[in-house]
Protein chains: 2
Amino acid sequence: MAPPTGALLERGTSLKIGQSPRTKCPPPFLSKTYDILEEEEEAIANGQRIVSWNYEGNGFVVWNPAEFSEVMLPRYFKHNNFSSFVRQLNTYGFKKTASKRWEFQHDKFRRGYRHLLHEITRKKCEPSAFPAYLKASEEHKSTTLEGNARVLMEENKNLRRERLELQMQLAHFKTLEIKLLECLSQCISSHGHQRKIPRLC
Amino acid sequence: MAPPTGALLERGTSLKIGQSPRTKCPPPFLSKTYDILEEEEEAIANGQRIVSWNYEGNGFVVWNPAEFSEVMLPRYFKHNNFSSFVRQLNTYGFKKTASKRWEFQHDKFRRGYRHLLHEITRKKCEPSAFPAYLKASEEHKSTTLEGNARVLMEENKNLRRERLELQMQLAHFKTLEIKLLECLSQCISSHGHQRKIPRLC
DNA sequence: GGTTCTAGAACC
DNA sequence: GGTTCTAGAACC
């Protein structure tokens, strides 16, 4: 992919380290990594390269991790630890794309497309409503965790059934009571009051 | 801690790389790491050290990770990747014990105590019956996962209460029915059959 | 069992 | 949000 026409100008207007971010700017890690590659462009000519954009410009390669860690990292970050750098790349969703080289790629990390950096976000805060431990449990719902819930739901269903049955029986007895009372009422009214009839309620 | 008296002899009898393991021997990773330290002892004198036992002899320090990765690792392992080496150390339960140095320790990894190596085991196969995702869910039971169960249990409790209430009402109506029937029976028997009395059931 | 890539979690 | 230490998981 060819860089846009403003690519050369863009380098001049790139955020420098320590510059206060007046506008919405990408995470420092991304800007700094981009800076490293832009500024290494010149250094490549007169020596063996430490780090550079890959051929396609859609990723980069750390050709010399040792040199990169000792020289480049402390210049841009607060450490000289290559694995910390890799950890950050993973946090932002970069993928290692070659088995024999330290080559990393991200869809939005391309030579000449600094403005795409702000579209790169940390992977951490993605499934906030559905974190990893829930994913894991989701997979095992049917086995362990939902076992209890399943028992409870079963019990629940049975209780509802019992309730319905009881309500139906109750309705039956209420109807029956009405009929009995009617019946009794007729019986009594047609023969007058009887001392032998007990109190009902 | 001073090494045992047999320490010097022990080095001579240590397992060499490629030697066939006739007896139960420690994992290759541990033997090789131990070898590296033993054999580096001599190299330390005539140059800056790359890796060595720590002062106490209860751990070791990789003084120069870059040199260590490029020179030592390929000599003993099938890679030159420092993070792979560290991953193995963690697998076997080593801890990084200094914040500014690549110093690692393990209770059973001590200068002069090669025979302790076979007591070091992989951490991997420990909680097979209770893996991490269950641990995680365990910690969050009370918040999310048991939330559903809590709702179900609450519903359950209410259903039981309703059931009891319905059963009591039902018992009341059954008693009432008996009394009404008795009453009606007396009423009828004392006056003979009446055509006006409707069917009850 | 070893190597690689990535992520979790604690701490800063 | 960055840095560090450690672990999970896939692949070899």
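Quantities reported herein were computed from a predicted structural model and do not represent experimental measurements. Letters go in sequence order (proteins before strands), and every chain restarts at 1.
Rounding to whole angstrom units, CZ of residue B:Arg87 and C1' of D:dG8 are separated by 7 Å. With rounding to whole Å, B:Leu73 atom CG is found 9 Å from C:dT3 atom P. Nucleotide D:dT4 holds its P atom 15 Å from the CG atom of A:Asn90, rounded to whole Å. Here D:dG8 presents its P atom at 14 Å from CD of B:Gln88, a figure rounded to the nearest Å. The NZ atom of A:Lys123 sits 15 Å away from the P atom of C:dC5 (whole-angstrom rounding). One atom, CG of B:Asn80, and another, P of C:dT4, lie 8 Å apart when rounded to the nearest Å. Straight-line distance from the CZ atom of B:Arg122 to the P atom of D:dT6: 17 Å, rounded to whole Å. With rounding to whole Å, A:His106 atom NE2 is found 12 Å from C:dT6 atom P.
Side-chain contact, B:Thr91 with B:Arg87: a donor N or O sits under 3.5 Å from an acceptor N or O.
No contact: A:Phe85 has no heavy atom under 4.0 Å from any strand.
Distances shorter than 4.0 Å separate none of the side-chain N or O atoms of A:Tyr92 from OP1 or OP2 on D:dG1. A close approach under 4.0 Å does not occur between any side-chain nitrogen or oxygen of B:His79 and OP1 or OP2 of C:dG2. The side chain of B:Asn81 contributes no N or O atom lying less than 4.0 Å from OP1 or OP2 of C:dT3.
Closest heavy-atom contact between A:Pro74 and A:Glu70: CG-O, 3.3 Å.
B:Lys108 places no side-chain N or O within donor-acceptor distance of the main-chain N or O of B:Glu119, the cut-off being under 3.5 Å.
Each of D:dG2, D:dT4, C:dG2 was ranked by its minimum atom distance to the side chain of A:Phe29; first place goes to D:dG2.
With sequence neighbours excluded, no residue forms a side-chain hydrogen bond (donor to acceptor under 3.5 Å, both in side chains) with A:Thr121. Not counting sequence neighbours, the partners of B:Trp53 by the ring-ring contact (aromatic ring centres under 6.0 Å, His included) test are B:Tyr34, B:Phe109.
Within a heavy-atom distance below 4.0 Å of DNA chain C, the residues of residues 94-105 of chain A found are A:Lys95, A:Lys96, A:Ala98, A:Ser99.
Between B:Tyr92 and B:Phe29, the angle of the ring planes stays under 30°, which puts this pair in the parallel group of the 30/60° scheme.
A centroid separation of 6.0 Å or more is found between the aromatic rings of B:Trp102 and B:Phe68.
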